[in-house]
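Let me begin by presenting the structure, written as C-alpha cells, before commenting on it.
Hydrogens, waters and symmetry mates play no part in the numbers below; they use all other heavy atoms, side chains included. Given the structure is predicted, the values throughout are model-derived calculations rather than measurements.
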Amino acid sequence: MDMHTQQEKASILLIYTGGTIGMIENPETGELESINFQHLKDNMPELKKLGYSVATIQFDPPMDSSEMGPDSWMKIVKIIADNYQKYDGFVVLHGTDTMSYTASALSFMLENLSKPVILTGSQLPIGMLRTDGKENLITAIEIAAAKENGLPLVPEVCIFFENDLLRGYHPVSRKPLKPHYLLDRNIAILKLFPGISPQVVESILNIPGLKGVVMETFGSGNAPCEEWFLNMLKEAVDRGIVIVNVTQCRAGSVEMHRYETGHKLLEAGVTSGFDSTTESAVTKLMFLFGHGLTPDEVKEHMNCSLIGEVSIPETFRP
C-alpha cells in the first residue's frame with residue numbers, strides 16, 4: 001500500500017477548545033462570539049477534500065485561551081487518552097494567548113506519547129475573507145495524518161502556526177500512553193527588572209503555600225548581586241522552595257558558572273533552567289510537585305531532561 005493511500009485513510013480527532021479560529025463576528029456589535037463548531041465544517045468545504053476521516057469534539061462552552069489552565073489541560077489529556085487507540089493523530093484548536101503553556105503542559109502530561117498532537121489556531125475567525133485559520137487548520141491536519149513506513153512522522157506535541165512547525169519533545173520510548181492528571185498550582189514567576197524592590201521579591205517569595213518559583217533573569221542567567229537579594233533567595237531555598245533560573249532572552253541558555261553574578265545565585269541554592277522556556281519551567285514544576293516529589297527530588301528532575309525539554313551541557317553534573 002503506498003504512502004498516499006495510507007494517509008488518505010488517516011483518522012484525525014479535532015479538539016476545539018475555543019479561540020478566535022472558531023468565532024464569528026456579531027454584525028451588530030462587531031464583537032467576536034463563539035459558534036457551534038459544526039459551523040466550521042460549513043465554512044470549510046476543504047476539509048472534505050482532504051480525504052481524511054475527521055471527527056470533532058468541542059469544549060462546551062468554548063474557552064478563551066486566557067481562561068485555560070490545569071483543569072483544561074486535564075480535560076484535553078482525558079479526551080486524547082480516551083480516544084488514543086481510535087485515531088492516528090490529534091489536532092487541538094486553541095486560542096493563541098496561552099497556547100505555549102498548554103503545549104508545554106501536554107508534553108509532560110502525555111507520557112510515552114507516540115502519536116501527533118498538533119496545536120493550532122488563528123488570528124482571524126475562519127469565516128473571514130482573509131483568515132489565516134484555514135491554512136493553519138488544513139496544514140495541522142495534514143501533519144497529524146503524515147506517516148512514513150506506517151509510523152507517524154511527527155509523534156509528539158507540536159504547535160503549528162503560520163508556516164512554522166514548533167516541534168515538541170521527542171518520544172523516549174514506544175511504551176503505552178500514560179496520561180497524568182496531577183498538577184500543583186503553588187508556583188510563581190519572579191521576573192527581574194532593574195530597580196526591583198526588596199518588597200516585591202519578598203512578597204513573592206513569601207506567598208503562603210508556595211513551592212516553586214521560575215525566576216526570569218538577564219542574559220545568560222544573571223541577576224543583581226545585592227546582599228538583600230541573595231539573602232532572600234537563600235532563605236527561600238532553605239525553606240524548601242525550588243527557584244529555577246531561566247533567561248528573559250528569546251534564545252540562549254542559562255550558564256550560571258559564567259559570570260560572578262550567576263555564580264552567586266548558585267551559591268544561594270538557585271537551580272539552573274538551562275535553555276528551558278518559562279512556559280516549560282512553570283508546567284514542569286506544576287507537574288513534578290503535583291506528583292508529590294520533595295524539593296530535592298524536584299531539583300534533581302529540573303536538572304534532567306525528561307522529554308527533551310532542556311539541553312543540558314556535557315560539562316554539567318547535577
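Nearest approach of Asn206 to Arg239, heavy atoms of both residues: OD1-NH2, 3.4 Å. In terms of heavy-atom proximity, Gly121 sits nearest to Asn136 at O-ND2, 2.8 Å. Summarising the geometry of Ser203 relative to Val200, their closest heavy-atom pair is OG-O, 2.9 Å, with the distance given to 0.1 Å. Of all heavy-atom pairs between Lys299 and Val237, the closest is NZ-CG1, 3.8 Å. Considering every non-hydrogen atom in both Thr217 and Gly221, the closest pair reads OG1-CA, 3.2 Å. The heavy-atom pair separating Ser311 from Phe274 by the smallest distance is O-CB, 3.8 Å.
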Trp73 vs Leu183, test: side chain to side chain contact (heavy atoms under 4.5 Å, CB included). Steps then yes/no. CA-CA 10 Å; Trp73 305 337; Leu183 295 162; 3.8 Å; yes
List the steps and the verdict of side chain to side chain contact (heavy atoms under 4.5 Å, CB included) for Ile243 and Leu190. CA-CA 9 Å; Ile243 303 176; Leu190 170 56; over 6 Å; no
Side chain to side chain contact (heavy atoms under 4.5 Å, CB included) assessment of Leu13 paired with Ile80: CA-CA 9 Å; Leu13 180 61; Ile80 292 171; over 6 Å; no
Passes side chain to side chain contact (heavy atoms under 4.5 Å, CB included), Val244 versus Val213? Steps please. CA-CA 6 Å; Val244 181; Val213 175; over 6 Å; no
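Following chains of ILVMFWY side-chain contacts shorter than 4.5 Å, one cannot reach Leu151 starting from Val117, and the two form parts of different hydrophobic clusters. No continuous path of hydrophobic side-chain contacts links Tyr259 to Val246 [ILVMFWY only; heavy atoms under 4.5 Å]. Cluster annotation: Leu50 is connected to Leu93 through the hydrophobic network of ILVMFWY side chains, with a link wherever side-chain heavy atoms come within less than 4.5 Å. Under the 4.5 Å side-chain heavy-atom criterion for ILVMFWY residues, no single connected hydrophobic cluster contains both Val77 and Leu182. Cluster membership for Met68 and Met23, using ILVMFWY side-chain heavy atoms within less than 4.5 angstrom, is not shared.
Side chain of Asn26 to main chain of Thr29: a donor-acceptor pair is present (N/O by atom type, distance under 3.5 Å, no hydrogens or angles). Side-chain atoms of Thr131 do not come within 3.5 Å of backbone N or O of Met128 as any donor-acceptor pair. Side chain of Glu216 to backbone of Gln248: no donor-acceptor contact under 3.5 angstrom is found. Using a distance-only test at 3.5 Å, with no hydrogens or angles considered, no donor-acceptor pair links the side chain of Ser280 to the main chain of Thr277. Side-chain atoms of Asp88 do not come within 3.5 Å of backbone N or O of Ala144 as any donor-acceptor pair. Remark: side-chain polar atoms of Asp132 are paired, donor with acceptor, to backbone N or O of Gln123 under 3.5 angstrom. Remark: side-chain polar atoms of Asp275 are not paired, donor with acceptor, to backbone N or O of Val310 under 3.5 angstrom.
Inter-residue side-chain proximity for Tyr84 and Ser114 is flagged as met; some heavy-atom pair is nearer than 4.5 Å. You'll find the side chain of Tyr52 stays beyond 4.5 Å of the side chain of Ser11, heavy atoms only. Between Pro70 and Arg185 there is a side-chain heavy-atom pair separated by less than 4.5 Å. Between Phe289 and Leu293 the shortest side-chain heavy-atom distance does not fall below 4.5 Å. The shortest distance between side-chain heavy atoms of Met74 and Met109 falls below 4.5 Å. In this structure, Leu119 and Phe160 have side chains that are not in contact, with every pair of non-hydrogen atoms separated by 4.5 Å or more. In this structure, Phe108 and Glu309 have side chains that are in contact, with non-hydrogen atoms separated by less than 4.5 Å. Side-chain contact between Leu137 and Val91 is present, with at least one heavy-atom pair separated by less than 4.5 Å.
Here Ser276 contributes atom OG and Lys284 contributes atom NZ; the two are 7.0 Å apart, rounded to the nearest 0.5 Å. Rounded to the nearest 0.5 angstrom, Ser305 OG and Ile312 CD1 are separated by 6.0 Å. One distance of note links CE of Met302 with CG of Asn245; it measures 11.0 Å at 0.5 Å rounding. To the nearest 0.5 Å, the span separating OH on Tyr101 from OG on Ser65 amounts to 11.5 Å. Between the OG1 atom in Thr17 and the CD atom in Glu67 there is a gap of 12.0 Å [rounded to 0.5 Å]. Going from atom CG of Leu177 over to atom CG of Leu113 covers 6.0 Å, rounded to the nearest 0.5 Å.
Heavy-atom neighbours of Glu135 CD from other residues, nucleotides or ligands within 6.0 Å: at or below the threshold of 12. Under a cut-off of 6.0 angstrom, the local environment of CG in Asn163 is sparse, with at most 12 non-hydrogen atoms contributed by other residues, nucleotides or ligands.
Using a 4.0 Å cut-off between charged nitrogen and carboxylate oxygen, Asp71 and Lys75 do not count as a salt-bridge pair.
Taking the six-membered ring where the residue is Trp, the centroids of Phe287 and His180 are separated by under 6.0 Å.
Seen from the ring of Phe90, Lys115 does not count as a face-on cation partner, given the 6.0 Å and 45° thresholds.
Side-chain atoms of Asn83 and Lys86 form a donor-acceptor pair, as typed in the model, at a separation below 3.5 Å. Side-chain contact annotation: Glu255 with Ser220, donor-acceptor N/O pair under 3.5 Å absent. Side-chain atoms of Thr294 and Asp296 include no donor-acceptor pair closer than 3.5 Å.
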Show me the donor-acceptor pairs, under 3.5 Å and distance only, between side chains in residues 260-267 and residues at least two apart or in other chains.
from: Glu260; atom 1: OE2; to: Lys264; atom 2: NZ; distance (Å): 3.2
from: Thr261; atom 1: OG1; to: Asn222; atom 2: OD1; distance (Å): 3.0

